[in-house]
Amino acid sequence: MLNKEEGEIASKLLAEGFQEAKKQMKVPFSENFRKLLDYYNNLSGFEETNPNAIMHHFIDMYGPDCENCGKPYRTKTATFCPKCGNQRKL
């Protein structure tokens with residue numbers, strides 16, 4: 001998961017990738033996002049191939065960890081853990 005600062009860098013690299021895609025229509029789509037993919041790989045050690053998937057890994061998008069299983073709630077106001085069924089008390 002990317003923290004706020006890492007997410008801002010990733011967002012900037014994604015925008016740069018779209019600018020490159022507009023300029024170079026003949027280049028394979030994923031190559032336009034090589035900087036973003038390399039950045040994420042260096043941070044996480046996971047070789048992601050889909051730039052859009054990276055944008056779903058911002059920790060600020062999710063709620064706190066479930067008290068029962070430790071997986072994050074889907075939102076900050078979620079009261080139900082889809083992983084284990086725990087009912088969160090707000």
Side-chain angles (χ1 to χ4, degrees):
M1 299 296 272
L2 302 176
N3 64 28
K4 184 175 180 172
E5 294 81 23
E6 294 163 344
E8 289 172 357
I9 294 168
S11 295
K12 180 179 174 251
L13 293 172
L14 182 73
E16 288 176 11
F18 278 115
Q19 291 300 319
E20 286 298 314
K22 286 181 185 179
K23 293 178 197 173
Q24 303 174 10
M25 296 301 281
K26 294 180 182 177
V27 173
F29 186 73
S30 64
E31 287 307 309
N32 294 309
F33 299 93
R34 180 57 40 207
K35 289 180 186 176
L36 172 59
L37 295 170
D38 289 345
Y39 174 71
Y40 186 75
N41 183 30
N42 289 335
L43 280 177
S44 68
F46 180 76
E47 192 161 339
E48 181 61 66
T49 59
N50 182 349
N52 291 325
I54 295 169
M55 306 318 284
H56 295 281
H57 288 96
F58 291 11
I59 200 151
D60 289 346
M61 293 174 64
Y62 301 95
D65 291 342
C66 173
E67 303 82 8
N68 188 48
C69 71
K71 296 288 184 185
Y73 286 99
R74 289 187 177 166
T75 67
K76 293 177 182 177
T77 59
T79 58
F80 176 79
C81 176
K83 174 72 176 165
C84 71
N86 184 52
Q87 292 289 328
R88 177 178 169 210
K89 295 175 182 145
L90 293 176

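Please read these numbers as outputs of a predicted model, since none were measured by experiment. Residue numbers count from 1 along this sequence.
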Rounded at 0.5 Å granularity, tell me how far [atom1] in [X] sits from [atom2] in [Y].
{"X": "Lys35", "Y": "Glu20", "atom1": "NZ", "atom2": "CD", "answer": "6.5 Å"}
{"X": "Lys71", "Y": "Asn86", "atom1": "NZ", "atom2": "CG", "answer": "14.5 Å"}
{"X": "Asp60", "Y": "Leu2", "atom1": "CG", "atom2": "CG", "answer": "10.0 Å"}
{"X": "Leu36", "Y": "Glu48", "atom1": "CG", "atom2": "CD", "answer": "9.0 Å"}

*Nearest heavy-atom pair of Arg88 and Glu67: which atoms, and what distance?*
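Looking at all heavy atoms of both residues, the shortest contact is CG-OE2, 4.0 Å.
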*Nearest non-hydrogen partners of Pro72 and Gly63, listed with the distance*: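 What the structure gives for the nearest pair is CB-O, 3.9 Å.
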_Could you go through Tyr40 and Leu13, starting from their C-alpha distance and side-chain angles, then the distance that decides it, and tell me whether this counts as side chain to side chain contact (heavy atoms under 4.5 Å, CB included)?_
CA-CA 10 Å; Tyr40 186 75; Leu13 293 172; over 6 Å; no
Is any side-chain heavy atom of [X] closer than 4.5 Å to a side-chain heavy atom of [Y]?
{"X": "His57", "Y": "Ser44", "result": "no"}
{"X": "Pro51", "Y": "Leu14", "result": "yes"}
{"X": "Arg74", "Y": "Pro82", "result": "yes"}

*Find out if a path of hydrophobic residues (ILVMFWY) with successive side-chain heavy-atom gaps under 4.5 Å connects Tyr73 to Met1.*
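No; Met1 is not reachable from Tyr73 via cluster members.
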*Side-chain heavy atoms under 4.5 angstrom apart, residues restricted to Ile, Leu, Val, Met, Phe, Trp, Tyr: same cluster for Ile59 and Leu43?*
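Linked, Ile59 and Leu43 end up in one cluster.
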_Treating Asn41 as the side-chain partner and Leu37 as the backbone partner, does any N or O pair qualify as donor plus acceptor under 3.5 Å?_
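Flag not set: sc Asn41 to bb Leu37 has no pair under 3.5 Å.
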*Does Glu6 reach the main-chain N or O of Asn3 with its side chain, forming a donor-acceptor pair under 3.5 Å?*
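Flag set: sc Glu6 to bb Asn3 pair under 3.5 Å.
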*Report, as yes or no, whether the 6.0 Å neighbourhood of atom CD on Gln87 holds more than 12 heavy atoms from other residues, nucleotides or ligands.*
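Atom CD in Gln87 is crowded, with more than 12 foreign heavy atoms closer than 6.0 Å.
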*asked:* Under a 4.0 Å threshold between the charged nitrogen and the carboxylate oxygen, would Lys12 count as salt-bridged to Glu16?
replied: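 Looking at Glu16 and Lys12, the cut-off is met.
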_Can you tell me how the ring of Phe33 sits relative to the ring of Phe18, calling it parallel under 30°, perpendicular over 60° and tilted otherwise?_
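Perpendicular, since the angle between the ring planes exceeds 60°.
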